[in-house]
Structures are given as C-alpha cells and as structure tokens.
Amino acid sequence: MWRLAYRQLMAEPLRAALTACAIAAAIAVILVLRGFEQGLYAQLEAAVTARGAPLIVAQAGVSNFIATRSSLPQLARERVEAIAGVAQAQPITGLSVIYGPEGNRVPIYLLVHDRRGGPGRIVQGGPIRGARDTVIDEGLARRYGLRPGDPLVISDFRFRVAGITRGESAMFMPFVFIGYDGMIDLFLESEIAPDLSTFPLLSYLLVDLAPGAQAEAVAELIEHAVPEADVFTADTLAANDVALGKELFGPIMQALIGLAYLVGVLVIGLIVYADAIGRRRTFGVMNALGFRLRHMLATLSAQTLMLLALAWPLGIGIALAIAAGIESLAPVYRVYVLEPAGLAWALAGVLAMALLGAVFPLRVVARADPTTAFQAG
Amino acid sequence: MLRWILKTLWLQKPSLLASAAGVAGAFVLVVILHAVFVGESRQVVAYVRHTAADVWVMQRGVGNMHMANSFVWDSKVKRIAELPGVRAATPILYSGIVVRTPGRRWLAFAVGLQRGATRGGPWAMAAGRTTPGPGEIVVPRVFADMAGVALGGRVSVTGRILEVVGLSEGSFSMGNSVVFMAASDLAELMSAQGTVSYIIVDAQPGQDGAGLAARIEQAVDKVSALPAERFIRNDYQLAMQMGTEIIAFMTLIGAGLAAVIIAFTAYSQVARRRRELAIAKALGVRNRAIYAAVGLQTLVITGLGLALALLAAWGLFPLLSALVPQITLVVTAEAMWRAAAVALVVASISAWIPARYVARVDPLTAFKG
C-alpha cells in the first residue's frame, strides 16, 4: 500500500510538488495566525518579566501592567524600602502616548525608569545618560527611520534617541524608555498640573528581595504597610496581562484560525479528490483485481499522509519565512511559529483535515469502473 | 479552445467547487480582517463623533484621544470658557482602565463627567441614566450582557466597586469600549487632582471651528486646540494605521494561498486533458490560444472563488457579530475593490504553471496508445 502510494506520487513529480505546496500553504496560514496570536501573548508576558524584579507593587485594585493606569503615592518607595526583606524598590512609570506626524501616528508606551526595569539589549547606540535621552524599540526606529542621535518629539517635547533596543513592545505599541528627569522636564514644559509634587509620577515599584527573603511573606508585609498598594510576583502580573490579552484578542484570532482550518480542510479535500479523479483508472484496475473499497481508501490515505509528511516541514518553513518577513519589516509584531503547543494543535488539526479530506473522494473510489482498466489510456 | 476549457471545468464540478471554496476561504480571511479594522476604527471615533464638539482642547503636542494621555491644568477651562466665540467649555477626564466582574475583565476607556454635565456623556442608552454620580458607572450594554451584569449590579474599577446605573448603546468594541464615571471618582483613581484630560468646546453660532481653535491656541498657553473634524480624522487614521501592516501581511498570505490552490486546480485539470491538448496542437491550434484558454480557466476559478468569498462574507458577518459581539465588522466598497484587484493578480500568477506545462505538451503524444 505504502509502496503503491509512493510510486503514484513519484509518477508525476511536478504535480506532487504542487500538491505538497498547496497543503503546505494551508498549514503555513494556520501556523502564522496561531504564531501571531502566541506572539501577542508572549510580548505581554515579556513586558512584565523583562523588568527583572521578582515582586511588583501596583496601585491597590490594579492587577495589570500594560494598557492600564496605576498610580502610587510618591512616598510609597520609602515605605516599601523600610520593610524587612526588601533589598531595594525601584520606581517605574508607564504611559501610553501617541507619536508621529499627523497622518502617520502610532501609539507608543513610555516606560520611565531609574536603575531597574530599563531596556534589555541595546542593539545600536548607547544607554540613557542625559535627561533628554531615550532608548527606543527597533519597531519604532524602523517605522520612522530613526537612528541614534536623531530627535524624538513627544507631546512637543524634544528627546534624543540615544540607543535602539530589540523585542520591547506589546499590544502593537513599541516601548520608549526615558529617565525620570526626562519625564519631569516633559511635564513641566507641558504645564499639565498646578502642582507636580501631587501629580501621579509613580506607577509601579520593582522590588528586589534581600538574600533569604520569601517573596510571599514580603508581599504580605508590603500590602500591610502600604494599604494603597497591591503586590504581585512578576509571573502573576504577567499572567494577568496575558489573560486580558486573551479576552481582547482571543475571539477574533480564534475566528480567523477557525476559518484557516476550514480552508485547510477544503484544500486537502480538493487535493485528495483531484488525485482520486486522476487515478480513476488505477482504482478501476484495483477493483478488477478484487481490491476492496477500504484497501483503495487506505492507499489514498497513505498517499495523503505521505503528502502531509512532505508538506508539514515545508509548511513550517514557509511559516517561518513569513514570520521572519513580518518581524523584519515590522518588528513591533512577533510571530511565534515554533511554539510547541501551537505546533501540536496545528498538527492535530492537519491530521483531522486529512481524515476529513479523505471523505471527499469516497464516491469516486467506490464507483471506479473495473472496465476502465481495459480501455486505452 | 475557450469553449473546451469551460467544458473541462464544467465536467469537474466538484473539483471546481472545492477549489473555488478554498480560494474563497483565503479571500474571506482577508476581507474579515479588513472589516475588523474598519469596524474598530469607526468605533474608535464613535465617542468623539457623537459628542459633536466644535473644538477639542488638550495638552500641547497631543492630537487625538484614543490611547493618548492628555493633562491640562483645570484653571485653563475657565479661561477658554471666557474667550469670545466660545459658548461652553466642558472638561472631561479620560483614562484607560480595566473593568472587572466576577470571571470577566475588560479593557475600556473611562470618561469622567463633571457633576451635572450635559455634554460628553453617552449618546444612546439601552436602559438607565446617562449621568453617573459618585460611586456609579454607565457601561456598554454589550459588556453588561457578556458579563451578566444588570442595572443595579456591581463592577470593579481599580479596586473600587461601582454601581451600574446605565447601559449605553454603540459604545462597545474590542479595543475601544467607553464607560462613563463621575469625574471625582476617576480623578481619585488617576490621582489627578487639579487636572482635566480634554475640554469639549462648543462655539457660538456662526463661529468657524478652525478659526476658534487657532484663537484658543493663541490665548491659552501650552494647549492644542483642534477643530472636531481634524480631531476625529487623527483618531481614525491612528486606528487604521495600527491595522495597515497586519492587513497587508494577511492580504499577501491569503493571496499566496489562493494562488497555490488555483495553480494546483488548473494544473490538475490541464494535466488530465494532456492527450486532448496534444490533439489540439497537432491540429494546428497555436500556443497563444491555449495560453488564453488556461488564463480563462484560472480567471473562472478565481472569479468564482471571489464571488463565493463575498457571499460567504455576507452570510458570515451577521453570524460572527452575533457569536462574537466583541467584534465590530464593517465591509467597505474599497475592501471589495481591493479583493477584486488582488484576485486578478492571483489569477495571472496562477496561470503561469499550467501554461508552462501546456507549452511543453508534445503533439506526438496524440498518436501514442
């Protein structure tokens, strides 16, 4: 059965290649869509975990990091640092603002930091040294052609690009890192409040633990000492953001992925059907030789599985190429094609598609006329 | 030749239908994604459009509302209200928040309304009051349905429990749901005393919005003032801008998938008719005529796929909106033209492989057994 299926495939290599390409394209679409969704969630997770603190203090009642507003009293840092088990508490402030000239504006996430929580790897230029220095994600740099030394005007305030970092974006927003001096200058320049000392300048505190301190115990002590605050481990806060992302993007992504699976079933069904039509004579011969329907279907399924075995790595390859293209042209997006759970789901889906696809030509195979075996080709 | 190719297609109806369905699926993916972004972008401007201000005033350098942070010293509200040509100046607070109910959390933008405000509130109501007092909130009716909250129910915003006193219509979407709270509550949550986010300016009759905006910027320090149409355009462009790249990528991926499906179908059908093609060639039919026939074949499959896609989209959209109320879908004529243009390109590319095959068919095979 397997040998027959193999020979059938090799009889027309161009057709086999086209077939594998068609299935691979359907697989690639599913993997890219799934990878895009996983990328969204991974970026949300990394936005928190990359800040590098085991505990994060937020405004009481706030349980997310991205896309929401947290505001801590400015003296909270002092009170947190006084607690046993806290090595240090570093401030961080998050603000979504809009960047770009009219007609080409995008939202960016301004992350104001001191000694912790800054950009991970700087791929071009250097770190923040002066009040007007910024480090920007390469997604923003690529979009606006920004390089180290270029000006970056936010809300009419002129910063300077000191460095460019990679992989610092979430929810379609590239991150822009600035220091607290820069933020205060921006706020003073913009005349936003009667008294900046009462204005919310602190969103979160990144807490490092003293050697031997237990995170849960320290969190409890902080919440007790600072009732205006809630404390989370970085993993919990990241999981909250991922859960919010799933609530927001899950439905549309699931609808698109479901549709991609449907297209996959149609493509594989079409291919198996076209193949059965093309080999009607072969099935006629098999019928004449006394093969049963299940044998013929088994041969067809074997061929489909062989095509899948060929198409699966090809589909992954195409998906990886598309992902690389997307990430290179628009680094604000991440497409996680090689995410194990996603791959397992896609493989299970493709196998299910193959089974469903095998139903398409059932009538053709069952009705293969034995007399066609004796007709001229 | 043209009749022959159409007959060939007709003889393989199930194969034609399956490939057209596959192509349709690829196009539907693109059309849905475009419809999502247009729908979302329209929802992004729903609040500012329905507020129908003449001029919007905000922090200097800020030019829109969606996802923006704007802070304006509240003393400037009075100064603007006193300017000639201004009928009323209504301040609002605006901030991204997470609304929580047991088992559900949703990202929304909160508008903080001053006590007794007659401007800036919800524009259509399903039930309840339009103006929330302290400790109260107006939420979109769709969210209330999803979360199982009714009038008088409770939701949590930044740890504060608020009573639902109104259910608004048209204010819900995936990325831009709008809830309404008392300004005092929102100011406390934002720790933003003495500050407002935006000022809704209504002009005296006969005043031109652009002129008034320019006068406000001249008279009041460090604010941006934009006529409503420009403010709305900025928000709409920002929302569409966020989707442009994703739509472009999806169009390329969908088009690529459609091209492979069409090429496969056309090739399979042409390969099956190899002997007939050889006879046609032996009888003197030129390659040009055969190419035209193959071109027509791919065009028919693509056209049928596109028609099926539009039909499917037409049937799917109400179903999707009912099943996934978070999504706002809007199909535009532009999306249809774009799909048709892509389909034409796809048909041309897909014809290449079967045409190449046809060109290589040897007329002598017509005489082989």
Side-chain angles (χ1 to χ4, degrees), chain A residues 12 15 18-19 21-22 25-26 29 32 59-62 64 67-69 71 95-98 102-107 154-157 172 190-195 198-200 243-244 247-248 251-252 255-256 259-260 262-263 266-267 269-271 273-274 277-278 322 326 330 360 376-377, chain B residues 12 14-15 18-19 21-22 25-26 28-29 32-33 36 59-64 67-69 71-73 95-98 105-107 158-160 174-175 190-195 221-222 234 237-238 241-242 245 249 253 256-257 260-261 263-264 267-268 271-272 320 324 326-327 353 369:
Chain A
E12 280 185 272
R15 189 178 155 158
L18 251 181
T19 310
C21 279
V29 170
V32 167
Q59 178 183 351
V62 172
N64 293 88
T68 187
R69 195 186 178 90
S71 171
L95 266 181
S96 83
V97 295
I98 307 300
E102 205 162 314
N104 186 22
R105 292 173 193 256
V106 291
I154 297 171
S155 299
D156 262 8
F157 187 81
F172 310 143
S190 304
E191 205 179 69
I192 58 166
D195 182 4
T198 60
F199 196 74
L244 184 64
E247 284 256 11
L248 286 174
I252 179 64
L256 288 173
L259 205 57
L262 193 68
V263 175
L266 285 169
V267 169
L270 159 77
I271 285 161
Y273 179 82
I277 294 274
I322 294 172
I326 292 174
F360 275 60
Chain B
Q12 304 294 332
S15 157
S19 64
V28 166
L29 279 174
I32 285 186
L33 202 68
V36 167
Q59 179 185 335
R60 193 177 70 180
V62 176
N64 75 305
M67 296 179 86
N69 266 294
F71 304 103
V72 178
W73 195 338
S95 176
I97 54 160
V98 176
R105 67 180 91 192
W106 194 255
L107 181 71
T158 317
R160 178 177 287 241
M174 190 166 63
M190 292 167 70
S191 309
Q193 306 298 338
T195 292
D221 265 357
K222 296 179 179 175
N234 284 352
Q237 280 175 344
L238 171 86
Q241 192 77 30
M242 288 167 75
E245 285 156 346
F249 289 134
I253 294 168
L257 178 61
V260 177
I261 297 170
F264 171 80
Y267 174 83
S268 298
R272 238 176 273 141
L320 265 178
V324 195
Q326 295 94 316
I327 307 172
I353 291 176

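The sequence lines fix the lettering, A, B, ..., with proteins before strands; numbering per chain opens at 1. Heavy atoms only: backbone and side chains are in, while hydrogens, waters and symmetry mates are out.
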Between atom OG1 of Thr158(B) and atom CG of Asn64(A), what is the distance when rounded to the nearest 0.5 Å? 10.0 Å

Where on Glu247(A) is there a heavy atom nearer than 4.5 Å to chain B: the side chain, the backbone, both, or neither? both

When the 4.5 angstrom heavy-atom criterion is applied to Val36(B) and chain A, the contacting part is side chain

In short, Ile98(A) meets Ala68(B) closest at the heavy-atom pair CG1-CB, 3.7 Å

Under 4.5 Å, counting heavy-atom pairs only, tell me which of Ile97(B), Leu107(B), Val62(B), Asp221(B) racks up the most with chain A. Leu107(B)

Option in Ile32(B), Leu33(B), Ile253(B) with maximal non-hydrogen atom pairs under 4.5 Å from chain A: Ile253(B)

Which atoms of Leu262(A) are under 4.5 Å from chain B, going by heavy atoms: the side chain, the backbone, both sets, or neither? neither

In terms of heavy-atom pairs under 4.5 Å, which option from Ser71(A), Ser96(A), Ala25(A) contacts chain B the most? Ser96(A)

Please name the pair of heavy atoms, one in Ser95(B) and one in Arg69(A), separated by the smallest distance, quoted to 0.1 Å. OG-CD, 3.2 Å

Looking only at non-hydrogen atoms, find the nearest pair between Gly103(A) and Gln237(B) and report the distance. CA-OE1, 3.2 Å

Value for CG (Asn69(B)) from CG (Leu95(A)), rounded to nearest 0.5 Å, stands at 5.0 Å

At a heavy-atom separation under 4.5 Å, does Leu320(B) approach chain A through its side chain, its backbone, both, or neither? side chain

Which pair of heavy atoms, one from Gln59(B) and one from Ser155(A), lies closest together, and at what distance? NE2-CB, 4.0 Å

Count the heavy-atom pairs under 4.5 Å between each of Met174(B), Arg160(B), Arg60(B) and chain A, then report the option with the highest count. Arg60(B)

So CG of Leu244(A) and CH2 of Trp106(B): to nearest 0.5 Å the spacing works out to 8.5 Å

In this structure, which one of Leu238(B), Asn64(B), Asn234(B) forms a side-chain contact (heavy atoms from CB on, under 4.5 Å) with Glu102(A)? Asn234(B)

Interface moiety of Ala22(A) toward chain B, non-hydrogen atoms closer than 4.5 Å: both

